[in-house]
Amino acid sequence: MKFVIQRVAHANVVAHANELGKIGKGFMVLIGISKDDDRSTADKMVDKMIKLRIFEDENGKTNLSLDDVGGELLIISQFTLYANCKKGNRPSFIDAGAPDEANALYEYIIEKCKERVNVVERGEFGADMKVSLLNDGPFTILLDSAEIM
């Protein structure tokens, strides 16, 4: 599982000409789910993300978590995080999770986030979406379950 976490001043997502989600200060998170991921992986990834201390404290040090600053989440599914570009120029997505299983884990991740964060917005699994954000920093972190578990 991969989470691309961008610390944002604000972000929103649109699909089918409708705004699906909009947040203020917080994280816009692109989530890639592999064929090997399960709920246990999701639990560990969500816990790590929410505990990340990447907001500045009163001394300008990145020492505060999402909870510490009352941050919000915008969660977007992004199977292309599992693009394999080793052969040729056309990416392969054989390592991405099967759509039904990946969607179930995506929904599970959203529910787990809602248990711990007051504002959790989302995209639409499998849809063509337009994401806008103001990256604060810029500050972007890649969490990869292969590296943290």
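Note that the coordinates shown come from a computational prediction; the quantities given were computed from them, not determined experimentally. Residue indices begin at 1 and follow the sequence shown.
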Pairs involving residues 66-92, ordered by first then second residue, that meet ring-ring contact (aromatic ring centres under 6.0 Å, His included) (sequence neighbours left out) = Phe79-Phe93
Restricting to pairs with a member in residues 130-149, which pass ring-ring contact (aromatic ring centres under 6.0 Å, His included), not counting sequence neighbours?
->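 Those involving residues 130-149 do not exist here.
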Can you run down the side chain to side chain donor-acceptor pair (under 3.5 Å) pairs that involve residues 68-77, sequence neighbours left out, and say none if there aren't any?
-> Ser65-Asp68
Nearest-0.5 Å distance that lies between atom [atom1] in [X] and atom [atom2] in [Y]:
X      : Y      : atom1 : atom2 : result
Asn18  : His16  : CG    : NE2   : 8.0 Å
Glu19  : Glu121 : CD    : CD    : 8.5 Å
Arg7   : Asp136 : CZ    : CG    : 4.0 Å
Gln78  : Ile31  : CD    : CD1   : 10.5 Å
Ile141 : Phe27  : CD1   : CZ    : 8.0 Å
Asn135 : Gln6   : CG    : CD    : 4.5 Å

With side chains defined as the heavy atoms from C-beta onward, is the minimum distance between Met129 and Ile76 less than 4.5 Å?
->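 Of all side-chain heavy-atom pairs linking Ile76 with Met129, at least one is under 4.5 Å.
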Min side-chain heavy-atom separation Ser145-Asp37 under 4.5 Å | yes
Side chain to side chain contact (heavy atoms under 4.5 Å, CB included) with [X]: which residues, sequence neighbours excluded?
X      : value
Ala11  : Val8, Ile23, Met28, Leu74, Leu133
Glu111 : Lys114
Glu107 : Asn103, Arg122

Answer yes or no: are there more than 12 heavy-atom neighbours, outside Asn118 itself, under 6.0 Å from its atom CG?
-> no
Within a radius of less than 6.0 Å around CG of Asn59, do more than 12 heavy atoms belonging to other residues, nucleotides or ligands occur?
-> yes
Please tell me whether [X] and [Y] are part of a single hydrophobic cluster in this structure, the criterion being side-chain heavy atoms less than 4.5 Å apart.
X      : Y     : value
Leu105 : Met45 : yes
Phe125 : Leu20 : no
Leu142 : Ile54 : no
Leu143 : Leu73 : yes
Ile148 : Ile33 : yes

Are Leu52 and Ile5 close enough, and set up right, to give a side-chain contact (heavy atoms from CB on, under 4.5 Å), and what steps lead you there?
-> CA-CA 10 Å; Leu52 280 177; Ile5 302 165; 3.6 Å; yes
Asp95 and Lys35: side-chain contact (heavy atoms from CB on, under 4.5 Å), yes or no, with the steps?
-> CA-CA 6 Å; Asp95 294 329; Lys35 60 186 179 184; 3.8 Å; yes
The single option from Leu30, Val46, Val29 passing side-chain contact (heavy atoms from CB on, under 4.5 Å) against Ile75 |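 Going through the options one by one, the only one that passes is Val29.
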What heavy-atom pair brings [X] and [Y] nearest, and what distance separates the two atoms?
X      : Y     : answer
Lys86  : Asn84 : N-OD1, 3.0 Å
Glu124 : Ala15 : OE1-CB, 4.4 Å
Cys113 : Ile50 : CA-CD1, 4.5 Å
Pro91  : Ala83 : CB-CB, 4.0 Å

Between Asp43 and Ser40, is any side-chain donor less than 3.5 angstrom from a side-chain acceptor?
-> no
Step by step, would you call Asp67 with Arg116 a side-chain contact (heavy atoms from CB on, under 4.5 Å)?
-> CA-CA 8 Å; Asp67 189 48; Arg116 299 175 63 185; over 6 Å; no
Derivation and outcome, side-chain contact (heavy atoms from CB on, under 4.5 Å), residues Leu81 and Phe3 | CA-CA 9 Å; Leu81 292 177; Phe3 287 10; over 6 Å; no
